[in-house]
Every structure is written in C-alpha cells, then in structure tokens.
Peer 1: 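Mind having a look at this structure? Questions to follow.
Proteins get letters first, then strands, A, B, ... in listed order; numbering begins at 1 in each.
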Protein chains: 2
Amino acid sequence: MEVSTKHFRKRDAILTYLRSTDIHPSAEMVFTQLKPEIPDLSMGTVYRNLNLFKQQGLAVSVATVKGVERFDGNTEPHVHFICQDCDAVIDLMDMNVPESLKAVAAQCCGGQVEGCQLSFTGICCNCLDNQIKGGKAV
Amino acid sequence: MEVSTKHFRKRDAILTYLRSTDIHPSAEMVFTQLKPEIPDLSMGTVYRNLNLFKQQGLAVSVATVKGVERFDGNTEPHVHFICQDCDAVIDLMDMNVPESLKAVAAQCCGGQVEGCQLSFTGICCNCLDNQIKGGKAV
DNA sequence: GTTGTAAATAAGAATTGTTCTCATTTAGGA
DNA sequence: TCCTAAATGAGAACAATTCTTATTTACAAC
C-alpha cells in the first residue's frame, strides 16, 4: 500500500515533512530529519526539490536567518517571529497582514505586487526563560 | 579640512555612502562604489564595518535578495519593495508599519520583540515597462 | 623624537550555504 | 526487451561571507 511510487518517494517525503512541521526548516534541517528513514538521501535532492516546490508554489522561502534560507510548506501568507538567539522561526498565526496593504504598496511603487512578508525579530519566550533561569546576564 | 582622521577614513566613507544612497546596497555594491576613490579598499573592510554598523545600530540588514544581504543606513523601520526581476530594493516611504502590530506580536509569541520588517515582492515599474516596450513575453 | 599599545586595515586563505555536473537508477511506454 | 525522460547520489564548483596574519596607523607616555 504505497502512498507514492518509488520514483517520487524522496520528493514526496520532503514535501510531506515540510507540511507536517512548523519549525520552518532549512535545507540541512530537512536533510537531517529525513536521513535516518531515507539513508541514501543526498543534499542535492533536498535543495533541488525545495527549489522545485518554490517554483510550483508548493512551498515558500520565509526568511534567511544568519545566511541560511528557511522554508515553509504553508504558503498562506502569515506573520513570523524570528528569534535572534536560537534562530527559531515561529508562526504568529493569530496575526495577519492587512490585505489592504498590498493595494497601497502597489500604488506606492507603481509596480506589480506579488507577495508580502511581515516578520518580527527579537528573543523568543524560551530563550528569555533560559536567560533568566540560567543566570546568563544579558 | 579633514572630516575624519586618516585612521577612520574608510569606516566613515562606508557609513557616509550608506547614508547617502537609497539603493540598499550589498557589501559588493558598497565596495564597487567606493573603490575608485579609495583604491586600497578591501572587501574585508567593507564586511567588517557593515557588521560593526549593524551591531552599533548605525545600519540594518533589510533583506537577503538571491542570497545576498542588503544594507540600509536608514534605521527607521520602513517598508520595502523587492523587485524579483532586477533585484532592486525600493523604499515605500509613504507606508509605515502600524506601531500597534509590535505589541500584538509580543502578545502572540510571549517573547521580546525588537524589530519588525515588512516587505513586498513583485515586479518594479521599470521592469514592467521594459517587459512591455521590449516585447519580452512574460 | 622614540617607544609601546591597541585599533584598523589589506590580502588572501578558509569556511559555509547553495548550485551544478555527470554517471547511475528508475518508471513507464513502444 | 529496448528506449527515453525524469530523479537521484556523489562530489566538484561556485559565491558570499568570515577568518587569519602581517602591516599600518593613531595616539599616549616617556
């Protein structure tokens, strides 16, 4: 009872993982996650398929954190919080970007607006806790 | 009538250029711009000082476009438009991020919000024009 | 002036994230 | 079985960035 043919097993595994997680993984995080169950997976395949998903609109690049691109299988535009300490990329699902802004942006620049991205940076609650409990002076 | 001592001439030149332009240059763009007037400038110095400015809050990193970090000497939070065709990063000065959003974000994630970034992607007016005039099919 | 010290720098090596190349495997049709 | 096109692994190649080291510079103490 195979869900996917052998031919696309890796591609499917990458997309499935991307859709199942909310950690907004980098290519390497995807690789590390899937390697144990797919021992002959290679980084090339991960990058190749992530880029393919971007082209096809099955995934988006949500941020570049310390030089590393982060991906999201949730292509609905939503807001992110990026922790400067642990590099976590966290969904702020309760917030949404005012749809009206896109129209305003188009007017401002006179061009054709296709996407928008709102993200906050700071220290996430976990890292805040650790800083206090661990006595790590800020 | 030297504005800066010889010791800081390069650092100052980089910051001055960064503040004088609105093209949101990459490290290489800064280098290329200043090299003619400062022939012995090196890329190491550009990167070193850009990172220093970021730490000191004199500059910010506004985006990573096709793997290349882009800088801004204007540290006031404002909105950007990124052209997917020519990689231009353009200020949308008429728009501003609702200050209230930051508070909402802090509530959402329970962490400490320090900055926020709103950017739109699409095709800028120049590239739109070129596509039409040049007859380049999309 | 000379000496000493710390910061700034140039040059290029090293590192790292990403893309490319090419030989191999696989699927599916003729 | 043969053929073709797509997917892949492995590692080379590439590009952006950081690191290393020797040199230069400013400036203060002598």
Peer 1: In this structure, how many angstroms lie between the C1' atom of D:dA7 and the CG atom of A:Leu15, rounded?
Peer 2: 16 Å
Peer 1: Could you work out, with salt bridge (Lys or Arg N to Asp or Glu O under 4.0 Å) as the rule, every residue matching B:Lys54, not counting sequence neighbours?
Peer 2: B:Glu69
Peer 1: Any base atoms under 4.0 Å from A:Glu28, or only sugar-phosphate, or nothing? Heavy atoms, all strands.
Peer 2: nothing
Peer 1: Quickly work out the B:Lys66 NZ to D:dT17 P distance and round it to whole Å.
Peer 2: 15 Å
Peer 1: Checking B:Asp87 now: which residues fulfil salt bridge (Lys or Arg N to Asp or Glu O under 4.0 Å) with it, not counting sequence neighbours?
Peer 2: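 For B:Asp87 the salt bridge (Lys or Arg N to Asp or Glu O under 4.0 Å) partners, ignoring immediate neighbours, are B:Lys66.
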Peer 1: Quick one: list whatever passes side-chain hydrogen bond (donor to acceptor under 3.5 Å, both in side chains) with A:Asn51, sequence neighbours left out.
Peer 2: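 Once residues adjacent in sequence are excluded, A:Asn51 has no partner under the side-chain hydrogen bond (donor to acceptor under 3.5 Å, both in side chains) criterion.
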Peer 1: Check the phosphate of D:dG9 against A:Lys10, side-chain N and O only, distance under 4.0 Å to OP1 or OP2. Yes or no?
Peer 2: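 Affirmative; the distance criterion is met.
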Peer 1: Taking atom P of C:dT9 as reference, at what distance in whole Å does atom CZ of B:Arg9 sit?
Peer 2: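 Answer to the nearest Å: 10 Å.
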Peer 1: How long is the line joining CZ of A:Arg70 and C1' of C:dG17, in whole Å?
Peer 2: 14 Å
Peer 1: Within the structure provided, determine whether A:Leu118 and B:Leu101 are in side-chain contact (heavy-atom separation under 4.5 Å).
Peer 2: yes
Peer 1: Excluding sequence neighbours, so at least two apart, what forms side-chain hydrogen bond (donor to acceptor under 3.5 Å, both in side chains) with A:Asp129?
Peer 2: none
Peer 1: Tell me the salt bridge (Lys or Arg N to Asp or Glu O under 4.0 Å) pairs involving residues 23-32 of chain B, sequence neighbours left out?
Peer 2: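 Listed by first then second residue: nothing to list.
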Peer 1: For DNA chain D, which residues in residues 29-61 of chain B have a heavy atom at a distance below 4.0 Å?
Peer 2: B:Tyr47, B:Asn51
